[in-house]
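Okay, so here's the structure we're looking at.
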Amino acid sequence: MNSETAPPNCAPRPTSPTGHFAMRFSSTPRGARLARRLAGQRFDAWDIPYDCDAHHALTLIVAELAANAVRHGRVPGRDFHLSLACDATTVRIEVTDTRTEGVPVVATPTDLRDTGRGLLLVEYLSDRWDWHPRRDGPGKTVWAEYVLPAGGRPAATGGRTLLPSSTAASAPL
């Protein structure tokens with residue numbers, strides 16, 4: 001099955017064997033929005049088109065990790081770093097901040113709080129995620145990996161699907 005006959009919500013495998021993108025962003029809501037936007041453009045350049053579920057999931061993962069870096073990892077005057085890597089089967093997203101204290105934890109959502117669901121979304125949408133201390137200074141790196149659909153079919157990840165677009169679109173940064 002080629003990309004022309006693939007269902008519209010399934011991304012074909014990228015045609016290039018590898019891709020990499022890395023950039024620092026200001027630890028502000030504007031920096032998080034820019035990170036999300038540039039990541040979306042990079043995914044499209046890697047043949048993960050804007051209108052497919054894989055693109056939406058990857059962009060949402062970037063948005064949540066960048067928002068967390070701004071909200072929980074911000075140190076005044078210091079930036080966060082976004083790194084994207086893609087091969088024929090997997091996209092890896094890494095967001096590094098400079099705050100050492102505070103370990104990323106998936107919170108149990110409650111009706112009493114309007115926040116705290118970001119890592120729950122990352123856990124649901126990605127195939128693997130975790131964090132580790134920053135290698136080259138203070139801080140931490142939170143990473144997620146997303147296995148791309150193979151041959152126009154969803155990857156064997158338990159049949160994940162995105163939340164309705166109205167839910168994802170209304171999530172503030």
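Note that the numbering runs from 1 along the sequence shown for the chain. What you are looking at is a predicted structure, and each value in this text was computed from that prediction instead of being measured.
- For the atom pair OG1 of Thr59 and CZ of Arg37, the computed distance is 11.5 Å after rounding to the nearest 0.5 Å.
- Put simply, CE on Met23 and CG on Leu84 are 10.5 Å apart, with the number rounded to the nearest 0.5 Å.
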Could you walk me through whether Leu38 and Gln41 pass side chain to side chain contact (heavy atoms under 4.5 Å, CB included), step by step? CA-CA 5 Å; Leu38 290 178; Gln41 290 174 350; 3.4 Å; yes

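- Summarising the geometry, atom CZ belonging to Phe43 is positioned 4.5 Å from atom CG belonging to Leu58; distances are rounded to the nearest 0.5 Å.
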Is there a side chain to side chain contact (heavy atoms under 4.5 Å, CB included) between Leu82 and Thr96? Walk through the geometry before answering. CA-CA 7 Å; Leu82 170 67; Thr96 302; over 6 Å; no

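- The two atoms that bring Phe25 and Asp79 nearest to each other are O-CB, 3.0 Å, heavy atoms only.
- Contact record, Gly118 with Glu64: CA-OE1, 3.2 Å, taken as the closest heavy-atom pair.
- For the side chain to side chain contact (heavy atoms under 4.5 Å, CB included) with Glu145, the lone residue among Ile61, Val91, Ile93, Thr90 that qualifies is Thr90.
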Which is it for Asp44 and Arg42 under the salt bridge (Lys or Arg N to Asp or Glu O under 4.0 Å) test, yes or no, and what are the steps along the way? CA-CA 5 Å; Asp44 185 60; Arg42 181 57 50 190; over 6 Å; no

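- Shown here for Trp143 and Trp131, the closest heavy-atom pair between the two residues is NE1-N, 4.0 Å.
- Of the inter-residue distances, the one linking Cys86 atom SG with Arg92 atom CZ reads 13.5 Å to the nearest 0.5 angstrom.
- Ring geometry for Tyr50 versus His55: interplanar angle of 30 to 60°, hence tilted.
- With hydrogens and angles ignored, the 3.5 Å screen pairs a side-chain donor or acceptor of Ser27 with a backbone N or O of Arg78.
- The nearest pair of heavy atoms linking Ala69 to Val95 is CB-CG1, 3.6 Å.
- Looking at Arg128 and Asp130, no side-chain N of the basic residue comes within less than 4.0 Å of a carboxylate O on the acidic one, giving no salt bridge.
- Of all heavy-atom pairs spanning Val70 and Ala32, the tightest one is CG2-CB, 4.0 Å.
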Before you tell me yes or no, could you show the steps for Arg24 and Phe80 under side chain to side chain contact (heavy atoms under 4.5 Å, CB included), namely the whole-Å CA-CA distance, both residues' side-chain angles and the distance that decides it to 0.1 Å? CA-CA 6 Å; Arg24 288 174 38 179; Phe80 73 91; over 6 Å; no

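- Of all non-hydrogen atoms in Tyr146 and Ala54, the two that sit nearest each other are OH-CA, 3.4 Å.
- Here the straight-line distance linking atom CG of Leu60 with atom CG of Leu121 works out to 5.5 Å at 0.5 Å rounding.
- One finds the CZ atom of Arg99 at 7.5 Å from the NZ atom of Lys140 (value rounded to the nearest 0.5 Å).
- Only one option out of Leu119, Val122, Val142 pairs with Asn68 in a side chain to side chain contact (heavy atoms under 4.5 Å, CB included); it is Leu119.
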